[in-house]
Amino acid sequence: MANRPPLPSEGVNDTVTRIRAFLDTYRPPTPCLVVDVDTVVDRYRRLATAFPGSRVQYAVKANPHPAVLRALVAAGAAFDVASPGEIDLCLAAGADPASLSYGNTVKKPSAIAHAHAAGVREYTFDAESDVDNLARYAPGSQVSARVLVQGGPDSVTPFGHKFGCHVDEAVRLLLRAAGKGLDPVGVGFHVGSQQLDPSAWDVAVASAAKVFAATAEHGVNLRRLNVGGGFGISYSDPAPATSVYADAVTAAVRAHFAQPPELVCEPGRAVVAEAGLVRSEVVVVSRKLPTDPHRWVYLDVGRYNGLAETENEAIAYRLDVVGPHSQEDGPVIIAGPTCDGDDVLYQRTPYRLPLSLRPGDVIDILAAGAYTASYSSVAFNGIEPLRTYCISEGRLISGE
Ligand SMILES: *Cc1c(COP(=O)(O)O)cnc(C)c1O
């Protein structure tokens, strides 16, 4: 699986080439994440083109680096924010508060008040207490109900049952919101992150359509459908093309809505993942016994300083060994640098690396721009958070 050349997904190779040229000249200490901001903008534009007429809201949590946000503001993106901190980051990057949507359904009254004072006028809820808090602390705002997606295919990193409510509860809460002077605009959902089965959207859009029909019977006419994020990208397993996702969403909306609603989509991973590369160094290569078939390969990056999504081996990153190596390879177990037994990246997923691999060798982790730096711990084992360097036109524009 690993150590095979990048998949022929257009743009990835150019991005990797540009990032490596930067790394060759700048030589930052490893591990580090390098984000090619031009690729971020390119992926945003591709999504906006694939979903014509839709509002594309970048889910900030995937990579909240200020240089990423500034580039997306300049490209005209809207943003899905989850906390006062993310709101402030977007505003500092120059975003118009009207382009922010507060999609997290778990929020304190103080967070709502902060968002409202900042000018945020769009919120999502899935619980009665949140509706009441919104009516009180963000009066008159546009609100949507998030519905639970049930019965669809699982994604690679599912949200489980944490977010969203049943269709009937969404109807009740939207009517309650209307009664409290809020502006109930629509329904949202998320089919799970790195969703490789585009048919997942059909199940969810069908639920949303039920909510539209039921509220209309009570005189509340919804107009906006937020189809969430979840669009996959190619790691070791290839993902469908953006156009395949867009066709599936469009077909689902056509099948379940007589009158097409305003569409919103909220990609996180699909905007930033392919724009980033994590450069890491091999620290130790060992065998528990000289006769063991498996080598253990310990890297300077692991679960706690950037590769959180290797939990349960959910995301199988493409690894690319840099420099001349033997053609011959062998099976490996790959682990991170900390003194934590869970800091093992891959032991079930069959990775192979060259037999010539030695401490000090460099391994690039491809398509690592999403959910890496933002998931990095502050100082576990004294290891600093994953440093991010942003480049544009091959040059450093922001390094932290
Ligand atoms: C995380 C999140 C997204 C983005 O999901 P991806 O799988 O990265 O596209 C979108 N909307 C909400 C509400 C989220 O929490």
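In this text the structure is predicted, and so the values were computed from the model without any measurement. Order of appearance sets the numbers: ligands from 1, and atoms from 1 within every ligand. Note that these values count all heavy atoms, side chains included, but never hydrogens, waters or copies made by symmetry.
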List below, pair by pair, the N or O atoms of ligand 1 and of the protein that are less than 3.5 Å apart, including the distance to 0.1 Å; reply 'none' if no pair qualifies.
{"residue": "ligand 1", "atom": "5 (O)", "partner": "H190", "partner atom": "NE2", "Å": "2.8"}
{"residue": "ligand 1", "atom": "7 (O)", "partner": "S193", "partner atom": "OG", "Å": "2.5"}
{"residue": "ligand 1", "atom": "7 (O)", "partner": "G230", "partner atom": "N", "Å": "3.1"}
{"residue": "ligand 1", "atom": "8 (O)", "partner": "R269", "partner atom": "N", "Å": "2.8"}
{"residue": "ligand 1", "atom": "8 (O)", "partner": "Y371", "partner atom": "OH", "Å": "2.6"}
{"residue": "ligand 1", "atom": "9 (O)", "partner": "G230", "partner atom": "N", "Å": "2.8"}
{"residue": "ligand 1", "atom": "9 (O)", "partner": "G268", "partner atom": "N", "Å": "3.0"}
{"residue": "ligand 1", "atom": "11 (N)", "partner": "E266", "partner atom": "OE1", "Å": "2.6"}
{"residue": "ligand 1", "atom": "15 (O)", "partner": "K61", "partner atom": "NZ", "Å": "2.9"}

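- Residues S280 and V301 share a closest heavy-atom pair of CB-CG1, 3.5 Å.
- The ring pair (Phe, Tyr, Trp, His ring centres under 6.0 Å) check on Y44 picks up nothing, with sequence neighbours excluded.
- The residues R146 and D126 are annotated as not salt-bridged, no charged nitrogen and carboxylate oxygen being separated by less than 4.0 angstrom.
- With sequence neighbours excluded, the residues forming a ring pair (Phe, Tyr, Trp, His ring centres under 6.0 Å) with F51 are F231, listed by chain and number.
- If you look at F159 and H190, their ring centroids are closer than 6.0 Å.
- Side-chain heavy-atom separations under 4.5 angstrom define the hydrophobic clusters, and V41 shares its cluster with no other residue.
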